[in-house]
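For reference, the structure is listed below as structure tokens.
No hydrogens, no waters, no symmetry mates; every other heavy atom, side chains included, goes into these values.
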Amino acid sequence: MTTGSPSPGRAPDPVPPAGCPAGAVPLSGPGFQTDPQAVYRAMRRDHGSVVPVELPGGLPAWLVIGYREVHQVTSDGELFPRDVGRWNQWPNVPDDWPLLPMVGRPLPSIYFSAGEEHRRHVRMVVPALEAVDPFEVRAHAEQLADRLVDDFCGRGTADLVAAFCEPLPVLVLARLVGFPDDEGADIARVLKDLADGGPGAQDAHQRFAGHMARLVAAKRAEPGDDVTSRMLAFPEEFTDEEYMLDLMAITAAGHLTTADWIGNSVRLMLTEDGFADSMAGGRHSVAEAMTEVLWEDGPTQILAGRWPARDTRLGDRRIKAGDMLLLGLGAANTDPLVRQDGSSGGGAHLAFSHGEYRCPFPAQEIAEIIARTGIEVLLDRLPDLELTVKPEELVRRPSAFLRGSTALPVRFTPVPTTGDLS
């Protein structure tokens with residue numbers, strides 16, 4: 001692993017990696033909001049399973065959109081490590097590059113480390129997540145979902161993204177890592193500011209770090225039955241910075257992806273006739289919608305990244321050592337080579353990535369419980385939900401990497417709060 005931090009500067013004319021063909025596809029534009037699958041089909045037609053793409057600032061990368069190729073890359077951590085320090089474009093990356101928070105720099109955390117350093121963090125973080133009681137997660141999700149619905153259920157209208165989908169996951173996660181509810185609400189605001197990527201993002205990141213640093217200090221002084229206390233009790237030695245960064249990674253990675261899983265599932269149920277007709281008929285449609293979303297409309301469309309340890313071939317491309325490989329998870333899930341009849345393949349989707357650096361299984365389970373419980377509570381409380389705009393008027397987040405709606409405006413018959421029910 002490269003342990004030194006890169007020293008980014010600014011180069012006037014970033015040069016594509018050797019072997020990267022001309023005609024790279026810009027990884028931006030309205031197509032990724034309106035119909036990303038159409039964009040991926042055009043990429044396959046014109047470039048095959050490994051596509052030369054251009055990132056903001058003219059930086060080159062390869063987008064891997066073939067299911068088999070994504071599986072190959074994620075299965076070989078030696079040839080394709082997640083070691084951002086190997087990136088051969090660091091001399092061309094400005095300090096204010098907009099994708100820098102997503103791509104990251106080498107840091108002592110589970111998300112931005114590689115090789116044995118990454119495995120060291122996995123040994124500490126995963127058991128702390130595995131010890132979370134699924135019934136406790138469901139109980140928290142039910143209580144907090146009811147509390148959120150109570151805030152708007154008497155009005156008859158709401159934006160479900162802002163009022164429900166976005167706050168629910170982080171409120172549950174905050175409890176699980178050890179925060180009191182009042183601090184969880186501020187963390188929800190912090191993560192929203194971070195996700196928006198606006199002028200307040202830098203301040204939000206500092207506030208987020210401050211929350212986690214205070215949590216580590218509090219749990220060191222008074223441990224409890226929570227993820228943070230279990231991490232601190234792990235026998236291997238870690239610094240407070242490492243604990244803080246891992247807690248930030250756990251919370252941030254589980255927040256927006258779970259929020260978009262909820263939002264995309266509810267959107268599907270409100271806009272697709274087959275789901276809309278069955279919403280009142282039971283909960284089976286909730287599981288179906290959630291599974292279909294992971295295949296067709298996953299929250300994480302593109303994941304950065306992998307950086308080959310040496311020159312190699314992938315698909316029919318020659319890839320240079322240090323080239324950035326972006327994992328096209330959303331495109332790979334709809335690869336016609338593995339979806340020839342259009343049907344899903346059960347649990348073989350790549351929505352949580354694959355291999356050593358995939359989302360840890362206990363984190364996947366926690367996300368699924370939060371999302372499913374939240375949707376069930378929402379539909380139980382407000383069974384006649386309907387959109388107040390046409391489906392084609394719903395706006396997706398302006399990102400090729402993340403797939404979620406900016407708003408889900410709905411109306412419903414007003415109902416009492418849980419405190420008003422006899």
Next item on the list: Decide yes or no on side chain to side chain contact (heavy atoms under 4.5 Å, CB included) for Leu171 and Asp181, but give the supporting numbers first.
Entry: CA-CA 7 Å; Leu171 290 174; Asp181 283 354; over 6 Å; no
Check: Sub-3.5 Å donor-acceptor pair from the side chain of Arg138 to the main-chain atoms of Ala141, do we have one?
Finding: no
Margin query: Enumerate the side chain to side chain donor-acceptor pair (under 3.5 Å) contacts for residues 402-413, please, sequence neighbours excluded, ordered by first and then second residue.
Written below: Arg267-Ser405, Asp297-Arg403, Asp384-Thr413, Glu386-Arg411
Item checked: Ala332 versus Val70, closest heavy-atom pair with distance -> CB-CG2, 3.9 Å
Check: Strictly by modelled atom types, are Gln301 and Tyr40 linked by a side-chain donor-acceptor pair under 3.5 Å?
Finding: yes
Checklist line | Min side-chain heavy-atom separation Val53-Leu326 under 4.5 Å | finding: yes
Item checked: Aromatic ring proximity, centroids under 6.0 angstrom, Tyr111 and His121 -> no
Item checked: Closest approach of Glu365 to Pro134 (non-hydrogen atoms, all atoms of both residues) -> OE2-CG, 4.0 Å
Checklist line | Heavy-atom closest pair, residues His47 and Gly23 | finding: CE1-O, 3.7 Å
Checklist line | Working for side chain to side chain contact (heavy atoms under 4.5 Å, CB included), residues Met324 and Gln89 | finding: CA-CA 8 Å; Met324 180 189 286; Gln89 291 296 309; over 6 Å; no
Next item on the list: Provide the closest heavy-atom pair for Val377 versus Ala145 in the form atom of the first, atom of the second, distance.
Entry: CG1-CB, 3.7 Å
Notebook entry, point to check: Is any side-chain heavy atom of Phe401 closer than 4.5 Å to a side-chain heavy atom of Leu27?
Noted result: yes
Notebook entry, point to check: Will you find, in the side chains of Glu183 and His211, an N or O donor that is under 3.5 Å from an N or O acceptor?
Noted result: yes
Next item on the list: Please confirm whether the backbone N or O of Val177 pairs with a side-chain atom of Thr228, one donor and one acceptor, at under 3.5 Å?
Entry: yes
Next item on the list: Could you note down all residue pairs passing salt bridge (charged side-chain N to carboxylate O under 4.0 Å, His left out) where residues 250-266 supplies at least one of them, sequence neighbours left out?
Entry: Asp260-Arg397
Next item on the list: Taking the side chain as every heavy atom from C-beta outward, state whether Val137 and Ile370 have any atom pair closer than 4.5 Å.
Entry: yes
Margin query: Quick check against the 3.5 Å criterion: does Glu296 have a side-chain atom that pairs as donor or acceptor with the backbone of Val293?
Written below: no
Check: How about Asp323 and Trp62: does a side-chain donor come under 3.5 Å of a side-chain acceptor?
Finding: yes
Checklist line | is_close_aromatic(Trp97, Trp87), centroid dist under 6.0 Å | finding: yes
Check: Is there a donor-acceptor pair closer than 3.5 Å between any side-chain N or O of Asn333 and the backbone N or O of Leu350?
Finding: yes
Item checked: Plane angle bin for His118 and Tyr357 - parallel if under 30°, tilted between 30 and 60°, otherwise perpendicular -> tilted
Check: With distance as the sole criterion, is a donor-acceptor pair present between the side chains of Thr373 and Glu142 under 3.5 Å?
Finding: no
Note to self: I'd like to know if the side chain of Arg317 reaches the main chain of Leu314, judged simply by a donor and an acceptor atom lying under 3.5 Å from each other, with no hydrogens or angles considered.
What the structure shows: no
Check: Checking Ser75 side chain against Gln72 main chain: does a donor-acceptor pair fall under 3.5 Å?
Finding: no
Check: Would you call Arg86 and Asp83 a salt bridge, taking side-chain N to carboxylate O under 4.0 Å as the test?
Finding: yes
Check: What do you reckon, is CZ of Arg310 surrounded by more than 12 foreign heavy atoms closer than 6.0 Å?
Finding: no
Margin query: Assess the residue pair Leu191 and Phe208 against the criterion (side chain to side chain contact (heavy atoms under 4.5 Å, CB included)); give the C-alpha distance rounded to whole Å, side-chain angles, the decisive distance to 0.1 Å, and a yes or no.
Written below: CA-CA 8 Å; Leu191 289 179; Phe208 190 27; 3.7 Å; yes
Check: What is the distance from atom OG1 of Thr334 to atom CD1 of Ile65, rounded to the nearest 0.5 Å?
Finding: 8.5 Å
Item checked: Trp307 side chain to Phe80 backbone, donor-acceptor under 3.5 Å -> no
Checklist line | Atom pair CZ (Arg396) and CG (Asp35), whose distance is rounded to the nearest 0.5 Å | finding: 10.0 Å
Check: How about Phe152 and Asp159: do any of their side-chain heavy atoms sit closer than 4.5 Å?
Finding: no
Checklist line | pair Met124-Tyr243: side-chain heavy atoms closer than 4.5 Å | finding: yes
Next item on the list: For the pair Asp335 (side chain) and Gly66 (backbone), establish whether a donor and an acceptor sit closer than 3.5 Å, ignoring hydrogens and angles.
Entry: no
Checklist line | Nearest-0.5 Å distance that lies between atom CG in Leu408 and atom CZ in Phe164 | finding: 11.5 Å
Notebook entry, point to check: Any chance the side chains of Gln143 and Arg175 put a donor and an acceptor closer than 3.5 Å?
Noted result: yes
Note to self: Within this structure, what is the OG-CG distance for the pair Ser353 and Leu327, rounded to the nearest 0.5 Å?
What the structure shows: 5.5 Å
Notebook entry, point to check: Between the main-chain N or O of Ala331 and the side-chain N or O of Arg44, is there a donor-acceptor pair closer than 3.5 Å?
Noted result: yes
Checklist line | Presence of salt bridge, Glu393 and Lys390, under 4.0 angstrom | finding: no
Next item on the list: Look up atom CG in Leu215 and atom CE in Met248, then write down how far apart they are to the nearest 0.5 Å.
Entry: 12.0 Å
Notebook entry, point to check: Arg207 and Asp203: salt bridge (charged side-chain N to carboxylate O under 4.0 Å, His left out), yes or no, with the steps?
Noted result: CA-CA 6 Å; Arg207 285 162 51 209; Asp203 177 66; 3.8 Å; yes
Notebook entry, point to check: What is the distance from atom OG of Ser28 to atom CG of Leu99, rounded to the nearest 0.5 Å?
Noted result: 10.0 Å
Note to self: Looking at every non-hydrogen atom in both residues, tell me the closest pair between Lys219 and Gly178 and how far apart they are.
What the structure shows: CE-O, 3.5 Å
Notebook entry, point to check: Can you find a pair of side-chain heavy atoms, one from Ser49 and one from Val64, that are under 4.5 Å apart?
Noted result: no
Notebook entry, point to check: Given Arg147 and Asp150, is the salt bridge (charged side-chain N to carboxylate O under 4.0 Å, His left out) satisfied, shown in steps?
Noted result: CA-CA 5 Å; Arg147 184 181 299 177; Asp150 280 348; over 6 Å; no
Notebook entry, point to check: Can you check whether Ser265 reaches Val286 side chain to side chain, under 4.5 Å on heavy atoms?
Noted result: no
Next item on the list: Determine the minimum heavy-atom distance between Ala371 and Trp261, stating which atoms define it.
Entry: CB-CE3, 4.1 Å
Check: Can you list the steps and then say if Val395 with Gln33 is a side chain to side chain contact (heavy atoms under 4.5 Å, CB included)?
Finding: CA-CA 8 Å; Val395 178; Gln33 291 175 271; 4.2 Å; yes
Next item on the list: Say whether, by atom type as modelled, one donor and one acceptor occur between the side chain of Trp295 and the main chain of Gly330 under 3.5 angstrom.
Entry: no
Margin query: Using side-chain heavy atoms (C-beta onward) and a distance below 4.5 Å, is Val132 in contact with Pro362?
Written below: no
Notebook entry, point to check: Is Arg120 close enough and on-axis enough to Phe238, meaning under 6.0 Å and within 45°, for cation-pi?
Noted result: yes
